[in-house]
Every structure is written in C-alpha cells, then in structure tokens.
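The structure displayed is predicted, hence computed values, not measured ones.
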Amino acid sequence: MADLKLHSPHASGNRSGLDQMTKYIRVRSDKNARFVEFDFAIGDPSLFVELIMPQGAFKHFCTTNDVVFMTREQQENVDAEMEKWRYGEDTLMANNHS
C-alpha cells in the first residue's frame, strides 16, 4: 500500500477557521472490529455525520483532526434528540418506546 502524505494544517502550526473548532467523535462499533463506525461532529456534537473507516485510517483521521471523544452527557443529549425525532414527544409511539 502506498504511503499517503496528507496536508495537515497542524503541521505548520497555523490553525484558523474550521481548524479552531472542536471536532468530536463517538465510536459506535466494537473495539476490535475491522472497520470503525463512528459519528463525527465539528463544533456541535449534535450535528454529526456517520462515517466508517478501516482502523488505520481512523487513527490517522483522529490525529489529523485533533478530535476529542464526546462526553457521556453529550452522547445522552444526542440520543435524546434522536429519540424525539424518531418517536416525537407526545405521541403513542413515544409513550410505548420507553
């Protein structure tokens, strides 16, 4: 496999704009899985995309983006918001889901 050299703004020490915002991850896959399934957010943990990468690429991604893991509280807030969107708040389904 070819060794890829990716541009990283951290290498030069110049951080501006998006690079100054906190980048969050939440791993959803098994620790020893071949591919890492995770949520990635910039600035706001509740606005995320779901990504899948091989273990090596994931480690490089985390280093390059200087990520932090979402706290338990942030994860719970994200889950609560997802439940509201999925089931609503004052619906029969919301009452049956708990």
Margin query: For the CZ atom of Phe69 and the CD atom of Gln75, what is their distance to the nearest 0.5 Å?
Written below: 10.0 Å
Item checked: Distance in Å, Gln74 CD paired with Arg72 CZ, rounded so as to fall on 0.5 Å steps -> 12.5 Å
Notebook entry, point to check: Looking at Met70 and Val78, what are the two nearest heavy atoms and their distance?
Noted result: SD-CG2, 4.5 Å
According to a hydrophobic-cluster definition based on side-chain heavy atoms being under 4.5 Å apart (Ile, Leu, Val, Met, Phe, Trp, Tyr only), do [X] and [Y] belong together?
X: Phe61; Y: Met21; result: yes
X: Phe58; Y: Ile42; result: yes
X: Leu51; Y: Ile25; result: yes

Note to self: Between Asp79 and Arg26, does any NZ, NE, NH1 or NH2 come within less than 4.0 Å of an OD or OE carboxylate oxygen?
What the structure shows: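 Answer for the salt bridge query: yes.
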Checklist line | Partners meeting side-chain hydrogen bond (donor to acceptor under 3.5 Å, both in side chains) with Asn77 (sequence neighbours left out) | finding: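 With sequence neighbours excluded, Asn77 shows a side-chain hydrogen bond (donor to acceptor under 3.5 Å, both in side chains) to no residue whatsoever.
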Next item on the list: Using side-chain contact (heavy atoms from CB on, under 4.5 Å) as the criterion, point out the one residue from Val68, Val67, Asn65 that pairs with Tyr24.
Entry: Val68
Margin query: Going by side-chain contact (heavy atoms from CB on, under 4.5 Å), name the residues that satisfy it together with Asp44, two or more places apart in sequence or in a different chain.
Written below: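 By the side-chain contact (heavy atoms from CB on, under 4.5 Å) rule, Asp44 matches Ser46, Leu47.
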I'd like a table of donor-acceptor pairs (distance under 3.5 Å, sequence neighbours excluded) in which one partner is a side-chain atom from residues 30-39, with atom names and distances.
unit_1, atom_1, unit_2, atom_2, d
Asp39, OD1, Arg28, NE, 3.2
Asp39, OD2, Arg28, NE, 2.7
Asp39, OD2, Arg28, NH2, 2.9

